[in-house]
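Inspection log for the structure reproduced underneath, given as structure tokens.
Only a predicted model underlies this, so the values are computations on that prediction, with no experimental measurement involved. Protein chains get the first letters and strands the later ones, always in sequence-line order, with residue 1 at the start of each.
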There are 2 protein chains.
Amino acid sequence: MGLEHTGARPVDGPIAPAVPLGVTPSRRERILDAALELFVERGYAGTTMDDIGAAVDLKGPSLYKHVRSKQELLAELMSRSILTVHAAHDAAVATAEDIELQLRRAVEAHVRFHARNRLDAFLGSRELGNLAPEHRSGIIRLRKDYERSFRRLVDAGVAAGRFAVRSPKLTTFALLDMGTGVAVWFRDDGEASVDEIAYHYGDLAMRLVGAGR
Amino acid sequence: MGLEHTGARPVDGPIAPAVPLGVTPSRRERILDAALELFVERGYAGTTMDDIGAAVDLKGPSLYKHVRSKQELLAELMSRSILTVHAAHDAAVATAEDIELQLRRAVEAHVRFHARNRLDAFLGSRELGNLAPEHRSGIIRLRKDYERSFRRLVDAGVAAGRFAVRSPKLTTFALLDMGTGVAVWFRDDGEASVDEIAYHYGDLAMRLVGAGR
DNA sequence: CATGGTGGCTAGTGATCGTTAGCCTTTGAC
DNA sequence: GTCAAAGGCTAACGATCACTAGCCACCATG
């Protein structure tokens, strides 16, 4: 039950690895992926270092040769996740000039991320409270940045007279939340493909903002 | 920071109290409310019985005079929550004949619940994994029932030619998820009141299903 | 063949926590 | 006034965990 990060990734993660770069990066990645899966399945507090170790054929204490602490695992997973969406968002918006198309692309990217990176998305929304305060504030700021970027698109459409929106704030929340929800119910072996869902949600977004007359 | 269950409550909860009915119901309620708040704040695994006790001026072990286990607290909170939404949903739908209005009322009730019972909603989506298997399946079934009830409204509107919907399934998910999201960002002291938000989301729902031409 | 670093292991430490045992005080019924 | 139940407490048990200490095997480099 491996993870696939097939979506566009940011050029580089900003969190410095605890171990000198170039030294067993593959092992570290495998640990991160295993931790993600277990954190989602059993929760952060409900997952032991031994669990994570077992998932990569190690004993718990051996993990400390690759990772500074359990907390570091959580922090890195969460920041990696948000930076990924945000990068995908920026890339998607940049592919269009028209504000209507920009919002559509943004929603598609949002949905695609939440379908393809279900676990990351899920963790991000659920384990914020288990993040040490020093990490938490940074993560929250990144999330707010992302939301603001969405909000700007809605505002721009309204300003240009292309969207008919009663409350830009509530509408933006609705747009974001309906896409976020995909992470909860999406299944790889479900009826609808990621692309179909993304396209459909793009349509729904257009309806929400009253685009195209 | 108490909870208000101002919505219609189901006739009776299916989880039998550990203590004979009628004996110190008030104390037990206070424990449940404290547990809810703490579970949301620190997570189920991150909350100790001593924490809960302290919140109601008791020592941890004293809780066992009122409650069978920590697990029971979680299970009761979750089932109480779902039964509450579902009851509110049924009551809301019953106030209208027209399918369009029924869906609008259902969305309003959904949003109202998620704004007023933020903590319950949050817990319900986050701590499913910490529920003992025997409780979990029942809770999941109740949640599915609730979703199905929404889905039926969408289908009915489509069948009556009142809604223009490409995928009833995806549209229903979008409707539910945007409302569920309210629980995450709503604040009692925020700009918008519960009623304003509920009304607005009713409008958004009508747009999503393409109601009213 | 030395050697030193990398990465694995076992054993253990100290802390935390759910839960139980057992005791004591209050209170209300008779 | 007696007595039992209800409900509070402290103490302690047994588990579980994150993390550390310290050891050893492998292996590349000279």
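In this structure, the nucleotide among D:dA18, D:dG7, C:dG18 sitting nearest to the side chain of B:His66 is D:dG7.
The separation between A:Ile31 atom CD1 and C:dG7 atom P is 10 Å, rounded to whole Å. In this structure, the CG atom of A:Asp57 is 11 Å from the P atom of C:dG8, given to the nearest Å. Spacing between atom CG of A:Asp50 and atom C1' of D:dA18 amounts to 10 Å, rounded to whole angstrom units. The nearest whole Å value for the distance from the CG atom in A:Asp51 to the C1' atom in D:dT16 is 11 Å. Spacing between atom NZ of A:Lys70 and atom C1' of D:dA18 amounts to 8 Å, rounded to whole angstrom units. Between B:Arg30 atom CZ and D:dG7 atom C1' there is a gap of 14 Å when expressed in whole angstrom units. Following rounding to the nearest Å, B:Gln71 (CD) and C:dG18 (P) show an atom-to-atom distance of 12 Å. Look at CG on A:Leu63: it is 9 Å from P on C:dG8, rounded to the nearest Å.
Residue pairs meeting the side chain to side chain donor-acceptor pair (under 3.5 Å) criterion with at least one member in residues 86-95 of chain B, sequence neighbours excluded: B:His89-B:Ser149.
If you check the side chains of A:Thr48 and A:Asp51, you find a donor sitting under 3.5 Å from an acceptor.
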Check nucleotides 10-12 of chain D for protein N or O atoms closer than 3.5 Å to its own N or O atoms and list the pairs.
none

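Note that B:Arg104 lies in the cation-pi zone of B:Tyr199, set by a 6.0 Å cut-off to the ring centre and a 45° limit from the axis.
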message: Between B:Asp145 and B:Arg148, does the salt bridge (charged side-chain N to carboxylate O under 4.0 Å, His left out) criterion hold? Intermediate values first, please.
response: CA-CA 5 Å; B:Asp145 281 351; B:Arg148 230 189 317 272; 3.1 Å; yes

message: One pair to check against ring-ring contact (aromatic ring centres under 6.0 Å, His included): A:Phe150 and A:His110. What are the steps and the verdict?
response: CA-CA 10 Å; A:Phe150 248 93; A:His110 184 67; 5.4 Å; yes

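On a pure distance criterion of 3.5 Å, a polar donor-acceptor pair joins the side chain of A:Lys65 and the base of C:dG8.
Applying the side-chain contact (heavy atoms from CB on, under 4.5 Å) rule to A:Ala121 yields the partners A:Phe113, A:His114, A:Ala183; only residues at least two apart in sequence or on another chain are considered.
One finds a salt bridge joining B:Arg105 and B:Glu108 here, because a Lys/Arg side-chain nitrogen approaches an Asp/Glu carboxylate oxygen to under 4.0 Å.
Within the 4.0 Å cut-off from OP1 or OP2 of C:dT6, not a single side-chain nitrogen or oxygen of A:Arg27 is found.
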